[in-house]
Trainee: 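One structure follows; several queries about it will come next.
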Amino acid sequence: MALLSAILEILQRPTIGDVLTELMMLMTPLWIAVFVGVLVGWAWRPKWANLIDSSKSKGSSDSSPISSFSVLVQPLFSTGLGSIPGLNSLKMQLPSCISWTDGDDDGGFHQPSLPNTDCRLVVLQFSFDFLDMIGSENSALVTENDLEHICRLVEEKDGGPAWIQMMDRSTETMSYQAWRRDPENGPPQYRSRSVYEDATPEMMRDFFWDDDSRKKWDDMLIDAQTLEECPTTGTMVVHWTRKFPFFCSDREYIIGRRIWESGRSYYCVTKGVPYPSVPRRNKPRRVDLYYSSWCIRAVESKREVGQLTACEVLLFHHEDMGIPWELAKLGVRQGMWGAVKKIDPGLRAYQRERASGAPLSRCAFMAQINTKFSREDMRSLEATKSGSAEGENPDKTEKPLGRNIPRVLVVGGAIALACSLDRGLLTKAVIFGVARRFAKIGKRL
């Protein structure tokens with residue numbers, strides 16, 4: 001109240017100059033207090049802040065696995081977690097190239113000089129084993145559940161809202177249709193169907209998976225790096241940096257991806273995954289909620305009737321970019337066709353490059369490692385699961401008879417009671433309010 005009265009008194013000054021002078025005199029102590037608070041907070045910052053600063057100054061351009069591993073492990077042993085028996089036993093399992101001391105001067109974990117390359121490999125393997133032990137890397141896998149999900153999306157049996165068509169365009173060599181839907185919780189979801197003439201599903205699969213080629217036709221992709229790959233399943237973890245408009249900072253993505261094959265249909269799943277090995281930064285901002293998956297299969301060409309010389313790509317995409325969803329929808333609607341038109345020239349250049357005998361990139365090679373499955377077997381398995389679930393819980397949809405009170409009876413009884421009691425308007429209002437509450441409860445039950 002004192003501050004408010006002081007401001008009102010200042011506003012009553014006769015001239016604008018007096019008002020501005022008084023406001024400056026009032027605000028100066030507040031700015032001094034803010035400056036002193038920031039200065040004191042920075043001077044008394046905790047030790048982990050110094051650790052982050054040193055890791056940024058050294059580790060941003062340092063590719064040594066020891067430096068990043070030290071930043072991850074040292075806080076665990078220097079903040080009291082070293083007293084845990086499991087972590088104490090870990091001291092005895094350290095490789096010989098890592099020294100451990102019980103002193104408290106610098107946390108007890110030291111980064112020694114690396115005598116040879118073998119030691120680097122040992123420490124790198126040890127760091128991954130440690131991360132697996134605490135369960136941080138296990139969630140980065142793309143599983144069979146993701147395959148089932150994209151299959152339901154393709155067949156439009158995922159139980160989501162209805163799709164609303166927003167675009168239908170075509171050129172001589174491609175056609176494009178797009179839909180959107182707005183779920184109750186989460187960002188807008190998009191579905192598109194593209195048909196490319198004179199293209200095989202295998203070529204489209206390699207084309208969309210090839211990050212080196214994507215940089216040539218995708219203007220938003222600044223950088224793409226492979227973090228992990230599995231030579232057995234073809235699963236990859238990649239790090240993307242994408243350029244956003246001038247009013248937004250760039251975004252980074254940690255994407256897990258994998259391809260399943262059924263006949264000549266390819267189900268390509270890419271989604272955002274947690275990856276603690278890559279620390280977060282202020283810029284670019286990381287996008288955690290990201291899903292972009294597609295189904296690629298041969299379809300009949302519009303040029304040659306009865307010939308499966310065209311390729312259909314069904315894309316399902318949504319992400320939370322950290323901007324208002326209505327603004328994101330506006331941007332997508334305005335820039336969608338401009339971005340889509342660039343795919344077809346990029347595809348034709350990729351086809352010519354492959355026809356010339358150019359070697360495959362690593363990403364294109366990994367795209368050819370697929371997990372085969374039978375779509376018919378999956379349909380029968382889903383039917384069996386749904387049938388068994390209904391059989392186990394047959395009475396879940398039935399309402400308890402004792403609580404299934406018809407709404408008409410509740411309201412009718414309230415009217416009869418209110419008419420029989422002559423207690424004034426307030427009494428009748430209370431009776432009707434209680435009756436309406438019970439009617440709503442009965443309806444929910």
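Computed from a predicted model, the values in this text were never measured in an experiment. Quick note: residue numbers are just sequence positions, from 1.
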Trainee: Minimum heavy-atom separation for Pro161 and Pro183, please, with both atom names.
Mentor: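 So the minimum-distance heavy-atom pair works out to CG-CA, 4.1 Å.
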Trainee: Out of curiosity, Met236 CE to Arg257 CZ, how far, rounded to the nearest 0.5 Å?
Mentor: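 It comes to 4.5 Å.
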Trainee: Please work out which of the three classes, parallel, tilted or perpendicular, describes the rings of Trp209 and Trp294, given edges at 30° and 60°.
Mentor: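 The rings of Trp294 and Trp209 stand perpendicular, inter-plane angle above 60°.
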Trainee: Ignoring hydrogens, what is the shortest heavy-atom contact between Met24 and Thr28? Give both atom names and the distance.
Mentor: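 Heavy-atom minimum between the residues: O-OG1, 2.6 Å.
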Trainee: Between Trp217 and Phe207, what is the ring plane arrangement, given parallel below 30°, perpendicular above 60°, and tilted in between?
Mentor: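 Geometry flag for Phe207 against Trp217: parallel rings.
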Trainee: So, are Glu312 and Arg193 salt-bridged, with charged N and O less than 4.0 Å apart?
Mentor: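 A salt bridge links Glu312 with Arg193.
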Trainee: Between Ser194 and Ile343, is there a side-chain heavy-atom distance shorter than 4.5 Å?
Mentor: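 They are not in contact (no side-chain heavy atoms under 4.5 Å apart), so the answer is no.
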Trainee: Can you find a pair of side-chain heavy atoms, one from Tyr275 and one from His239, that are under 4.5 Å apart?
Mentor: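 Result no, sub-4.5 Å side-chain heavy-atom pair not found.
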Trainee: Can you measure from CD (Glu229) to OG1 (Thr235) and round to the nearest 0.5 angstrom?
Mentor: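 Output value for this atom pair is 10.5 Å.
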Trainee: So do Thr233 and Trp260 actually touch side chain to side chain, heavy atoms under 4.5 Å?
Mentor: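 Side chain of Trp260 against side chain of Thr233, heavy atoms only: no contact under 4.5 Å found.
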Trainee: Do the non-hydrogen side-chain atoms of Val313 and Tyr196 ever get within less than 4.5 Å of each other?
Mentor: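 Answer yes - side chains close enough.
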Trainee: Measure centre to centre between the rings of His149 and Tyr267, then say whether the value is under 6.0 Å.
Mentor: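 They do not qualify: ring centres at least 6.0 Å apart.
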Trainee: Should the heavy atoms of other residues, nucleotides or ligands under 6.0 Å from CZ of Phe365 be counted, would the total exceed 12?
Mentor: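 Open.
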Trainee: Would you call Tyr291 and Gln189 a side-chain contact if the rule is heavy atoms closer than 4.5 Å?
Mentor: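 No - every pair of side-chain heavy atoms lies 4.5 Å or more apart.
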Trainee: Ion pair present between Glu353 and Lys216, side-chain N to carboxylate O less than 4.0 angstrom?
Mentor: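 Counted as a salt bridge, because a side-chain N and a carboxylate O are separated by less than 4.0 Å.
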Trainee: Can you see which heavy atom on Ala199 is nearest to which on Cys311, and at what distance?
Mentor: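 So the two residues come closest at O-CB, 3.4 Å.
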Trainee: Is the NZ or CZ atom of Arg191 both under 6.0 Å from the centre of the six-membered ring of Phe316 and within 45° of that ring's axis?
Mentor: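 Not flagged: Arg191 not positioned over aromatic ring of Phe316.
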Trainee: Indicate whether the side chain of Tyr350 and that of Asp210 have a donor and an acceptor atom separated by less than 3.5 Å.
Mentor: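 There is such a pair (donor and acceptor under 3.5 Å, judged by atom type) between the side chains of Tyr350 and Asp210.
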Trainee: Atom CH2 of Trp337 and atom CG of Asp168: how far apart are they, to the nearest 0.5 Å?
Mentor: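 Nearest 0.5 Å value for the CH2-CG distance: 9.5 Å.
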Trainee: Roughly how far apart are Met167 CE and Gln177 CD, rounded to 0.5 Å?
Mentor: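 Going from CE on Met167 over to CD on Gln177, the span is 11.5 Å.
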Trainee: Without hydrogens or angle criteria, can the side chains of Glu261 and Thr371 be said to hold a donor-acceptor pair below 3.5 Å?
Mentor: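 No.
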Trainee: Give the minimum heavy-atom separation between Arg258 and Val142, together with the two atoms involved.
Mentor: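 Nearest heavy atoms, Arg258 then Val142: NH1-O, 3.1 Å.
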Trainee: Would you call the rings of Tyr290 and His317 parallel, tilted or perpendicular, taking 30° and 60° as the class edges?
Mentor: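 Ring orientation of Tyr290 relative to His317: perpendicular.
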Trainee: Determine, for Asp212 against Arg362, whether the closest basic-nitrogen to carboxylate-oxygen distance falls under 4.0 angstrom.
Mentor: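 Between Arg362 and Asp212 there is no salt bridge, as every charged N stays at least 4.0 Å from the carboxylate O atoms.
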Trainee: Does Asp288 pair with Lys271 as a salt bridge, N-O distance under 4.0 Å?
Mentor: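 Looking at Asp288 and Lys271, the cut-off is not met.
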Trainee: For the residue pair Leu360 and Arg354, establish whether any side-chain heavy-atom pair is separated by less than 4.5 Å.
Mentor: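 Sidechains of Arg354 and Leu360: in contact.
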Trainee: Quick check: closest heavy atoms across Met321 and Val287, and the distance to 0.1 Å?
Mentor: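 Met321 and Val287 have their closest heavy atoms at CA-CG2, 4.4 Å.
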Trainee: Taking Ser301 for the side chain and Arg303 for the main chain, is one N or O donor matched with an acceptor at less than 3.5 Å?
Mentor: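 Checked: pair present.
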Trainee: Between Glu300 and Gln307, does the side chain to side chain contact (heavy atoms under 4.5 Å, CB included) criterion hold? Intermediate values first, please.
Mentor: CA-CA 5 Å; Glu300 183 178 346; Gln307 300 296 320; over 6 Å; no
Trainee: Strictly below 4.0 Å, N to O, side chains only: are Asp198 and Arg348 in salt-bridge contact?
Mentor: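 Looking at Arg348 together with Asp198, the answer is no, because their closest N to O distance does not fall below 4.0 Å.
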Trainee: May I ask you to decide if Ala364's main-chain N or O and Ser361's side chain share a donor-acceptor pair within less than 3.5 Å?
Mentor: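 Yes, the answer is positive, given that a donor and an acceptor are paired below the 3.5 Å cut-off.
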Trainee: Using the side chain to side chain contact (heavy atoms under 4.5 Å, CB included) rule, take Glu202 and Gln368 through it: C-alpha gap first, then chi angles, then the decisive distance, then the call.
Mentor: CA-CA 8 Å; Glu202 291 76 18; Gln368 300 180 4; over 6 Å; no
Trainee: Hey, does Arg297 have a side-chain heavy atom less than 4.5 Å from the side chain of Pro201?
Mentor: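 Result no, sub-4.5 Å side-chain heavy-atom pair not found.
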Trainee: Could Asp250 and Arg285 be called an ion pair, given the rule that one side-chain N must be under 4.0 Å from one carboxylate O?
Mentor: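 Answer for the salt bridge query: no.
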Trainee: Check Arg242 with Glu252, please: is the shortest side-chain N to carboxylate O separation under 4.0 Å?
Mentor: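 Salt bridge absent between Glu252 and Arg242.
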Trainee: Would you call Lys329 and Glu326 a salt bridge, taking side-chain N to carboxylate O under 4.0 Å as the test?
Mentor: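 Answer for the salt bridge query: yes.
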Trainee: Would you call Glu319 and Arg251 a salt bridge, taking side-chain N to carboxylate O under 4.0 Å as the test?
Mentor: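 Between Arg251 and Glu319 there is no salt bridge, as every charged N stays at least 4.0 Å from the carboxylate O atoms.
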Trainee: Please check if the side chain of Asp218 supplies one atom and the backbone of Met220 the other of a donor-acceptor pair under 3.5 Å.
Mentor: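 Pair found, side chain donor or acceptor close to backbone of Met220.
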Trainee: Assess whether atom CD of Glu172 is packed by more than 12 heavy atoms of other residues, nucleotides or ligands within 6.0 Å.
Mentor: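 No, because the 6.0 Å sphere around CD of Glu172 holds 12 heavy atoms or fewer from other groups.
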Trainee: Please check: side-chain N/O of Asp344 versus main-chain N/O of Lys341, any donor-acceptor pairing under 3.5 Å?
Mentor: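 No, because the side chain of Asp344 does not come within donor-acceptor range (under 3.5 Å) of the backbone of Lys341.
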Trainee: Please report the interatomic distance CG(Asp206) to OG(Ser213), rounded to the nearest 0.5 Å.
Mentor: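 Going from the CG atom of Asp206 to the OG atom of Ser213 covers 10.5 Å.
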Trainee: Could you report the tightest heavy-atom contact between Ser292 and Leu315, atom names first, then the distance?
Mentor: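 So the minimum-distance heavy-atom pair works out to OG-CD1, 3.6 Å.
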Trainee: Any ion pair linking Asp219 and Lys243 (charged N to carboxylate O, less than 4.0 Å)?
Mentor: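 Judged by the 4.0 Å cut-off on N to carboxylate O distance, Lys243 and Asp219 do not form a salt bridge.
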Trainee: Nearest 0.5 Å please: distance from the CG atom of Leu147 over to the CZ atom of Arg375.
Mentor: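 That separation rounds to 7.5 Å.
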Trainee: I'd like to know if the side chain of Gln225 pairs up with that of Asp223 as donor and acceptor (distance under 3.5 Å, no hydrogens or angles considered).
Mentor: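 Short answer, yes.
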Trainee: Examine Arg169 relative to Tyr176 and say whether NZ or CZ is less than 6.0 Å from the centre of the six-membered ring and inside a 45° cone about the ring axis.
Mentor: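 Not satisfied by the 6.0 Å and 45° rule.
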Trainee: Are side-chain heavy atoms of Ile222 and Lys215 found at a separation under 4.5 Å?
Mentor: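 Ile222 vs Lys215: side chains apart.
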